[in-house]
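Since the structure comes first, as structure tokens, the remarks are kept for the end.
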Amino acid sequence: MRYDLIIFDNDGVLVDSEPISNRLLAAYLTELGHPTTYEEAIRDYMGSAMHRIHDLVLERYGRRLPVDFDATFHQRVFAAFEAELEAVAGAADVLEKMGADGVPYCLASSGSHERIRVALKKTGLYGLFGEERIFSSQDVGRGKPAPDLFLHASEVMGVAPERCAVIEDSPLGVQAARAAGMDVFGYTAMTPATKLSDATALFSEMSELPPLLA
């Protein structure tokens, strides 16, 4: 393995949550008077921390989202997760193999700590991490595309940024990894390859990932 740490994004990489959360986000923004299609939610907000959604809506419409927006949105998302959420095909196999081979890995997500844990527990992946290997944009001042989250994860894990590889599925995540000085591997199962063109390499099936990291 040519890296000392593999940093996984969560939504869309380990858990198949992006279709669910973007469908609900588009519906909720539309309900609040900010017409948004599912495709626009993916284009504009996929991979974003919640503060970026607030900032973009204020910039575009000149109005702030309600103070209870985050709580209401997460309540809807968590209910949908309980009914629909599944792990990304092959994700557990990759994590289990890394664990067996002694390859250090962690998770760094734009989602809140609560969202990460709800998703991991629902999909059965939580036991493959543990509290000390889960990092959220809540831990830093700025979410992706700023490099802060990935740099924070690498610092806590005790690995230099240039020895890290990031696994991402969003353009914002790729930008953040590049800004952190890390190689990044773009997962194209949901995101068009052209939008992840700045990645070190691209893959469309989880089974393709381990050879890319070797």
Side-chain angles (χ1 to χ4, degrees), residues 1-15 17 47 49 87-113 115-117 119-121 123-189 191 193 195-214:
M1 181 71 63
R2 56 193 167 112
Y3 301 102
D4 295 332
L5 178 66
I6 312 302
I7 304 175
F8 287 89
D9 177 41
N10 187 43
D11 294 297
V13 171
L14 298 177
V15 299
S17 54
V88 166
D93 295 336
V94 169
L95 294 174
E96 287 169 356
K97 186 176 190 313
M98 287 185 175
D101 293 344
V103 178
Y105 64 85
C106 67
L107 183 158
S109 171
S110 291
S112 67
H113 276 287
R115 175 179 171 135
I116 295 167
R117 283 155 182 77
L120 292 180
K121 289 177 180 178
T123 56
L125 299 179
Y126 181 78
L128 296 172
F129 285 92
E131 292 298 313
E132 72 282 358
R133 290 193 287 171
I134 295 175
F135 303 97
S136 162
S137 62
Q138 289 180 313
D139 301 330
V140 295
R142 300 179 298 168
K144 305 169 189 176
D148 304 35
L149 176 57
F150 291 139
L151 292 173
H152 172 66
S154 68
E155 181 180 8
V156 173
M157 295 295 290
V159 178
E162 63 270 19
R163 298 297 303 159
C164 297
V166 175
I167 316 303
E168 265 288 354
D169 73 322
S170 74
L172 292 178
V174 170
Q175 290 177 48
R178 283 303 195 190
M182 301 175 181
D183 283 352
V184 54
F185 295 84
Y187 182 44
T188 62
T191 307
K195 293 187 177 296
L196 302 177
S197 58
D198 288 339
T200 307
L202 303 175
F203 66 104
S204 61
E205 302 278 349
M206 276 294 158
S207 60
E208 300 170 1
L209 179 59
L212 292 175
L213 300 173

Requested in this report: Could you check Asp183 against Glu162 for side chain to side chain contact (heavy atoms under 4.5 Å, CB included), going step by step and ending with a plain yes or no?
Outcome: CA-CA 7 Å; Asp183 283 352; Glu162 63 270 19; over 6 Å; no
Query raised in the report: Distance from Ile134 atom CD1 to His113 atom NE2, nearest 0.5 Å?
Result: 8.0 Å
Query - Minimal non-hydrogen separation, Ala153 against Ala108, with atom names - result: CB-CB, 4.4 Å
Report task. Run through Leu213, Val159, Val103 and flag the one making a side chain to side chain contact (heavy atoms under 4.5 Å, CB included) with Tyr3. Result -> Leu213
Query raised in the report: In Å, rounded to the nearest 0.5 Å, how long is the span from CG of Leu107 to CD1 of Ile116?
Result: 5.5 Å
**Report entry** For Pro210 against Ser207, the heavy-atom pair lying closest together
**Finding:** CD-O, 3.7 Å
Query raised in the report: What is the minimum heavy-atom distance between Ala165 and Phe185, and which atoms define it?
Result: CB-CE1, 3.8 Å
Query raised in the report: Cationic tip of Arg133 within the cone over Tyr105's six-membered ring, i.e. under 6.0 Å and within 45° of the normal?
Result: yes
Query raised in the report: Is the backbone N or O of Ser136 less than 3.5 Å from a side-chain atom of Ser109, with the two atoms forming a donor-acceptor pair by type?
Result: no
Report summary line: Taken to the nearest 0.5 Å, the spacing of Lys195 NZ from Ser170 OG works out to 11.5 Å
Validation: residues 4-14 side-chain donor-acceptor distances under 3.5 Å, sequence neighbours left out:
residue : atom : partner : partner atom : Å
Asp4    : OD1  : Arg163  : NH2          : 3.3
Asp4    : OD2  : Arg163  : NE           : 3.0
Asp9    : OD1  : Lys144  : NZ           : 3.1
Asp11   : OD1  : Ser17   : OG           : 2.5
Asp11   : OD1  : Arg115  : NH2          : 3.3
Asp11   : OD2  : Arg115  : NE           : 3.4

**Report entry** Shortest non-hydrogen contact from Ala179 toward Pro145
**Finding:** CB-O, 4.5 Å
Query raised in the report: Just by distance, do the side chain of Thr191 and the backbone of Thr188 share a donor-acceptor pair under 3.5 Å?
Result: no
Query raised in the report: Taking Glu168 for the side chain and Val184 for the main chain, is one N or O donor matched with an acceptor at less than 3.5 Å?
Result: no
Query raised in the report: Which distance, rounded to the nearest 0.5 Å, do you find between the CZ of Arg142 and the CG of Leu149?
Result: 11.5 Å
**Report entry** Closest non-hydrogen atom pair, Arg178 against Ala199
**Finding:** NH2-C, 3.6 Å
Query raised in the report: What's the verdict on side chain to side chain contact (heavy atoms under 4.5 Å, CB included) for Met157 and Cys164, showing C-alpha distance, side-chain angles and the deciding distance?
Result: CA-CA 10 Å; Met157 295 295 290; Cys164 297; over 6 Å; no
Report summary line: Distance col, row Leu209:CG vs Ser204:OG, nearest 0.5 angstrom, shows 11.5 Å
Report task. Work out which heavy atom in Tyr187 is nearest to a heavy atom in Glu205; give both atom names and the distance. Result -> CE1-N, 4.1 Å
Query raised in the report: Does Ser110 reach the main-chain N or O of Ser137 with its side chain, forming a donor-acceptor pair under 3.5 Å?
Result: no
Report task. Take atom CD of Glu155 as the centre, draw a 6.0 Å sphere, and report whether it contains more than 12 heavy atoms from other residues, nucleotides or ligands. Result -> no
Report task. To the nearest 0.5 Å, tell me how far Leu202 CG sits from Asp169 CG. Result -> 12.0 Å
